Engineer: 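Just passing along the structure, written as structure tokens.
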2 protein chains.
Amino acid sequence: MTDMPIGEVSRRSQVKVPTIRYYEQIGLLPAPPRSEGNRRLYGARDLRRLSFIRHARDLGFEIDAIRTLLTLQDNPSLPCAEADSIARDKLAEVNARIESLMALKEELEAMVGGCGHRCVGECRVIEVLADHHKCLHAEH
Amino acid sequence: MTDMPIGEVSRRSQVKVPTIRYYEQIGLLPAPPRSEGNRRLYGARDLRRLSFIRHARDLGFEIDAIRTLLTLQDNPSLPCAEADSIARDKLAEVNARIESLMALKEELEAMVGGCGHRCVGECRVIEVLADHHKCLHAEH
DNA sequence: ACTTACTCCTCTAGCGACTAGAGGATGTGT
DNA sequence: ACACATCCTCTAGTCGCTAGAGGAGTAAGT
């Protein structure tokens with residue numbers, strides 16, 4: 001459990017080796033002790049922290065937000081309004097992104113469906129991109 | 001219509017001035033003629049090209065894909081299978097992104113809903129991020 | 001003991017698609 | 001004549017890594 005080399009903590013946390021070193025460099029992960037041969041030695045705490053980071057990154061949280069979340073995690077007696085608000089912001093952002101991707105999906109489907117694979121002169125894909133007014137959603 | 005300065009073509013195409021110069025630099029937009037005082041002078045063709053680029057960027061196409069699409073647009077007699085396949089790829093990617101965002105949305109909703117704004121020690125947001133097994137979707 | 005193969009170290013540079021800012025020239029309106 | 005907007009080039013920064021060079025330490029097999 002303790003004194004894992006970077007490769008093992010990488011495998012277990014699913015965070016790539018250079019990324020772990022990068023996280024150390026930007027101060028997201030504390031610099032661990034080193035072996036006699038100057039290798040990083042990680043413990044269970046580091047593994048938990050890395051898993052936390054990786055999970056949050058997967059969920060689309062930015063490094064800065066994760067920094068805040070980690071500070072909160074380190075101080076469990078603080079009020080959690082901030083964590084909640086970060087998650088709420090993220091949710092709003094995700095909803096917005098879903099909405100615009102749905103519009104995009106419709107537009108792409110119209111493009112792809114309308115093209116009969118002849119030549120570019122008659123291609124709906126090119127046509128739609130060239131002429132904004134042929135869009136399904138003129139707002140953008 | 002012709003001999004617009006960069007600011008005007010920017011306003012009309014909705015592409016920012018430095019971005020237009022950047023597109024010129026990377027060879028996405030041909031370098032226009034210059035005025036006596038060394039200012040770029042754009043014509044209707046450039047405006048159309050920029051609008052095409054902007055529209056495609058909005059739709060999430062990468063610069064490289066746009067480069068291909070522009071080449072196709074410039075040669076209308078080529079078969080359009082490639083344009084079609086680029087759009088199809090993009091559609092698949094968009095669908096995948098929508099799906100993962102929907103899963104994310106659920107997870108964030110569970111986080112936000114489960115937290116009663118007390119203190120971090122009881123916060124579901126932190127808890128879920130720290131412990132992967134509390135996720136709704138264990139795959140990721 | 002020696003070799004091979006692997007992991008690890010530091011360091012620098014690169015990615016994509018811009019964006020920001022410095023420092024200066026040109027153009028427009030009053 | 002002057003103010004002010006717009007333009008020019010150039011360099012460097014953003015974010016979150018990723019790739020590669022060049023070298024050192026370590027584990028397993030012979």
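Nothing here was measured: the structure is a model prediction, and the numbers come from that model. Below, chains carry the letters A, B, ... as their sequence lines are ordered, and counting in each starts from 1.
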Engineer: Could you tell me whether the side chain of Lys105(A) reaches within less than 4.5 Å of the side chain of Leu91(B), counting heavy atoms only?
Structural biologist: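 In contact.
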Engineer: Between dC7(D), dC8(D), dC18(C), spot the one nearest the side chain of Arg34(B), thanks.
Structural biologist: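 For Arg34(B), the side-chain atoms sit closest to dC8(D).
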Engineer: Give one of base, sugar-phosphate or nothing for Arg21(A), where a contact means two heavy atoms less than 4.0 Å apart.
Structural biologist: base
Engineer: Please tell me which of the listed nucleotides, dC17(D), dT19(C), dT9(D), lies nearest to the side chain of Arg40(B)?
Structural biologist: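 Nearest nucleotide to the side chain: dT9(D).
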Engineer: Looking at Tyr23(B), I'd like to know whether one of its side-chain N or O atoms comes within less than 4.0 Å of OP1 or OP2 on dC18(C).
Structural biologist: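 True: Tyr23(B) side-chain N/O within range (under 4.0 Å) of dC18(C) OP1/OP2.
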Engineer: Taking for each residue the nucleotide of DNA chain C bearing the nearest heavy atom, is the 5' side occupied by Pro18(B) or by Ser35(B)?
Structural biologist: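 On the 5' side of the pair lies Pro18(B).
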Engineer: Classify the side chain of Arg39(B) versus the base of dT6(D) as yes if they form a donor-acceptor pair under 3.5 Å and no if they do not.
Structural biologist: yes
Engineer: Pair Asp74(B), Arg49(B) - check salt bridge (charged side-chain N to carboxylate O under 4.0 Å, His left out), show working.
Structural biologist: CA-CA 10 Å; Asp74(B) 292 343; Arg49(B) 201 172 177 93; 3.2 Å; yes
Engineer: Looking at dG16(D), I'd like to know if its phosphate oxygens (OP1 or OP2) sit under 4.0 Å from a side-chain N or O belonging to Thr19(A).
Structural biologist: no
Engineer: Among the candidates dC7(D), dC17(D), dA17(C), find the nucleotide nearest to the side-chain atoms of Val17(B).
Structural biologist: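 Looking only at side-chain atoms, Val17(B) lies closest to dC7(D).
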Engineer: Where the side chain of Asn38(A) is concerned, which of dC7(D), dC18(C), dC9(C) is the nearest nucleotide?
Structural biologist: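 Closest of the options to the side chain of Asn38(A): dC9(C).
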Engineer: Tell me whether Lys90(A) is salt-bridged to Glu93(A), with the criterion being a basic N under 4.0 Å from an acidic carboxylate O.
Structural biologist: yes
Engineer: Look at the side-chain N and O atoms of Lys16(B) and state whether any lies under 4.0 Å from the OP1 or OP2 oxygen of dC18(C).
Structural biologist: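 Answer no for this pair, as no side-chain N or O of Lys16(B) is under 4.0 Å from OP1 or OP2.
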Engineer: With heavy atoms under 4.0 Å as the rule, sort Glu36(B) into base, sugar-phosphate or nothing.
Structural biologist: nothing
